[in-house]
Amino acid sequence: MAHFIDRRLNSKGKSTVNRQRFLRRYKSQIKEAVSDAVSKRSVTDLDTGEQVSIPKRDISEPVFHSGKGGNRDIVHPGNDQFSKGDKIKRPRGGQGQGSGEGDASDSGEGEDDFVFQISKEEYLDLLFEDLALPNLQKNQLDKLVQYETYRAGFQTDGVPSNLDIVRSLKGSVARRIALTSGKKKRLKELERQLELLKSDKHDHDLKITELEEQIAELKRRIKAVPFIDTFDLRFRNYEKRPVPTSKAVMFCLMDVSGSMDQATKDMAKRFYILLYLFLTRTYKNVEVIYIRHHTQAKEVDEQEFFYSQETGGTIVSSALKLMQQIIADRFPSDEWNIYAAQASDGDNWADDSPSCSEILHNQLLPLVRYFAYIEITERQHQSLWREYQNLTEIHPHFAIKHIKTVDDIYPVFRELFEKSIGAQKGVA
């Protein structure tokens, strides 16, 4: 396997342009490799891109040569080893094996595949090209980072409407005290001396005149201090902070009864990964809640959700009730954008399916942005599918899809979130 590292600088844009041209040219091979890599990731793994391998034969370039024109006479020398009719022995090594340590090619091509790394942004762009969340026109404002205004202290500049009079007057008083306190203290001292001189019987006219001039000067300087100055003005300061309308929570519900084998859980995992990656392209923060159920429902972590083994029957309504309780306790619908995906093989107690339909219709679907149910089975649909099918006619943001094999996962996901005609034309 050959590895190529592109160390060219992007200062003049040459490497970036070449890379984008390469991605466009081999998009089909790259998208196939990207979709195959989904199953290797954790549901919340978004830190890295993906390593893509393209066969050498797919990136071979045509080569043009200049032919030798005209008539040419060539004399080939003979040889001193063979004569006409001699048989040549087969070279040693057998079965195409050379002297190296690698394996020989069974297709006659000995060149390595071309392997390169795509970034996280390129990975997501290729994975979710031409996809969009449904009902964008209704919910588009909830997918933007909105801000609310709040008080953040005071500042020395601002518009007159934000002027805080009390705070400005306090600043004025403090400034005048600081500028005149020493002068007022000196003024009182001079006035006391003047009073003593005037009460003395001796002649102090010259000294009295001098004190009166000093007192007059001090009063003039104290009076010259303005009552309020631009330095004293204080304006209320307002700043903006994001409000939690850009947050989303993704509920993963899955049947883990005895009928759900590990292969079925792995297919469900791929669907959950696609949904999580897709939501992170629209929302800044996405919380993931895992709810597994058989006859009872339980909130668990990702490891237990996909790999713990359970036995017993199936009561789907237990998971829906737990989801409703978690929403009420931790994720109010006026602050969170709620999405849910339920995976099952279709098994459920027949008496419980109507209860599931009622819980969804009356309690959960009015709160969520989108709810997708995928049934992973090759058998005939049962009562749960029929009950859910009736809900799709009432709630446009509720969808059900059938998955038989691993190859169906990505096409089904694209069907669920394919851009509508209005969205493609720019009607959000």
Side-chain angles (χ1 to χ4, degrees), residues 43 133-134 248-257 259-261 264-276 278-279 286-300 302 304-306 308 310 313-327 331 333 337-350 352-377 379 381-392 394-404 408-409 412-413 415-417:
V43 172
L133 288 174
V249 57
M250 168 183 160
F251 283 88
C252 300
L253 288 71
M254 186 169 66
D255 177 15
V256 293
S257 59
S259 60
M260 289 281 288
D261 57 13
T264 305
K265 293 178 183 178
D266 289 340
M267 285 191 282
K269 178 182 179 181
R270 297 190 184 196
F271 184 84
Y272 291 133
I273 291 174
L274 289 173
L275 180 58
Y276 177 81
F278 190 42
L279 290 178
V286 179
E287 296 283 342
V288 182
I289 304 297
Y290 300 100
I291 298 177
R292 54 179 304 171
H293 70 90
H294 40 92
T295 55
Q296 295 180 345
K298 179 183 178 183
E299 182 181 357
V300 296
E302 181 179 347
E304 186 176 354
F305 183 76
F306 288 112
S308 179
E310 297 286 351
T314 305
I315 299 180
V316 177
S317 62
S318 61
L320 300 178
K321 292 177 182 177
L322 180 57
M323 175 181 170
Q324 178 192 1
Q325 180 182 347
I326 294 175
I327 291 175
F331 303 100
S333 59
N337 298 285
I338 304 172
Y339 292 84
Q342 180 183 356
S344 173
D345 61 354
D347 286 344
N348 191 28
W349 291 102
D352 185 60
S353 296
S355 299
C356 297
S357 178
E358 182 180 354
I359 294 173
L360 282 170
H361 175 67
N362 297 325
Q363 300 174 15
L364 287 180
L365 290 180
L367 301 178
V368 302
R369 300 287 185 192
Y370 197 72
F371 196 111
Y373 170 72
I374 55 171
E375 190 167 290
I376 309 173
T377 181
R379 299 174 299 174
H381 298 308
Q382 301 185 41
S383 60
L384 185 62
W385 177 274
R386 292 190 292 270
E387 290 288 342
Y388 280 3
Q389 201 167 26
N390 295 331
L391 289 177
T392 59
I394 305 174
H395 300 279
H397 61 298
F398 179 74
I400 60 175
K401 289 293 180 180
H402 184 206
I403 293 177
K404 293 183 179 180
D408 297 334
I409 297 174
V412 165
F413 184 85
E415 290 179 13
L416 288 174
F417 299 100

Worked check of side chain to side chain contact (heavy atoms under 4.5 Å, CB included) between Ile327 and Phe251: CA-CA 10 Å; Ile327 291 175; Phe251 283 88; 3.6 Å; yes
Side chain to side chain contact (heavy atoms under 4.5 Å, CB included) between Tyr373 and Leu360, intermediate numbers included: CA-CA 12 Å; Tyr373 170 72; Leu360 282 170; over 6 Å; no
Evaluation steps, side chain to side chain contact (heavy atoms under 4.5 Å, CB included), between Phe331 and Leu367: CA-CA 10 Å; Phe331 303 100; Leu367 301 178; over 6 Å; no
Derivation and outcome, side chain to side chain contact (heavy atoms under 4.5 Å, CB included), residues Lys265 and Val256: CA-CA 8 Å; Lys265 293 178 183 178; Val256 293; 4.2 Å; yes
Criterion ring pair (Phe, Tyr, Trp, His ring centres under 6.0 Å) on Tyr339 and Tyr370, from CA distance to verdict: CA-CA 5 Å; Tyr339 292 84; Tyr370 197 72; 7.1 Å; no
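With a 4.5 Å cut-off on side-chain heavy atoms, Phe271 and Lys401 do not count as touching. The shortest distance between side-chain heavy atoms of Glu299 and Ile289 falls below 4.5 Å. Side-chain contact check for Met267 versus Ile374: every heavy-atom pair is 4.5 Å or farther apart. Counting heavy atoms from C-beta outward, Ile326 and Ile291 have side chains that approach closer than 4.5 Å. Proximity of Ile338 to Arg369: side-chain heavy atoms (C-beta onward) are nowhere separated by under 4.5 Å. Asp255 has its side chain out of reach of Val316: every pair of non-hydrogen atoms, C-beta onward, lies at least 4.5 Å apart. Counting only heavy atoms from C-beta outward, the side chains of Glu304 and Tyr290 never approach each other to under 4.5 Å. The side-chain heavy atoms of Trp385 and His402, taken from C-beta on, include a pair separated by under 4.5 Å.
For Gln296, the CD atom sits in a loose shell: 12 or fewer heavy atoms of surrounding residues, nucleotides or ligands are nearer than 6.0 Å.
For the residue pair Tyr272/Glu302, the side-chain donor-acceptor check at 3.5 Å is not satisfied.
Interatomic distance, Arg386 CZ to Ile400 CD1, rounded to the nearest 0.5 Å: 11.5 Å. The SG atom of Cys356 sits 10.0 Å away from the CG atom of Leu391 when rounded to the nearest 0.5 Å. Here the SG-CZ distance, from Cys252 to Arg292, works out to 13.0 Å after rounding to the nearest 0.5 Å. From Thr264, atom OG1 reaches atom CG of Asp266 across 8.5 Å, with rounding to the nearest 0.5 Å. Here the straight-line distance linking atom NZ of Lys321 with atom CG of Leu364 works out to 11.5 Å at 0.5 Å rounding. Between atom CG of residue Asn337 and atom CG of residue Leu279 there is a gap of 9.5 Å, rounded to the nearest 0.5 Å.
At least one donor-acceptor pair under 3.5 Å links the side chain of Asp352 to the backbone N or O of Ser317.
Ring pair Phe371/Phe398 is tilted by interplanar angle, where 30° to 60° counts as tilted.
Here the shortest heavy-atom pairing between Ala268 and Ile376 reads N-CD1, 3.7 Å. Between His294 and Ser318, the shortest heavy-atom distance links the atoms O-OG, 4.4 Å. Of all the heavy atoms in Thr314 and Thr295, the pair that sits closest is N-CG2, 4.3 Å.
With sequence neighbours left out, Gln325 forms a side chain to side chain donor-acceptor pair (under 3.5 Å) with no residue at all. In this structure Ser353 satisfies the side-chain contact (heavy atoms from CB on, under 4.5 Å) test together with Asn348, Ser383, Leu384, Glu387, sequence neighbours excluded. Every residue meeting the ring pair (Phe, Tyr, Trp, His ring centres under 6.0 Å) condition with His395, not counting sequence neighbours, appears here in chain and number order: His361, His397.
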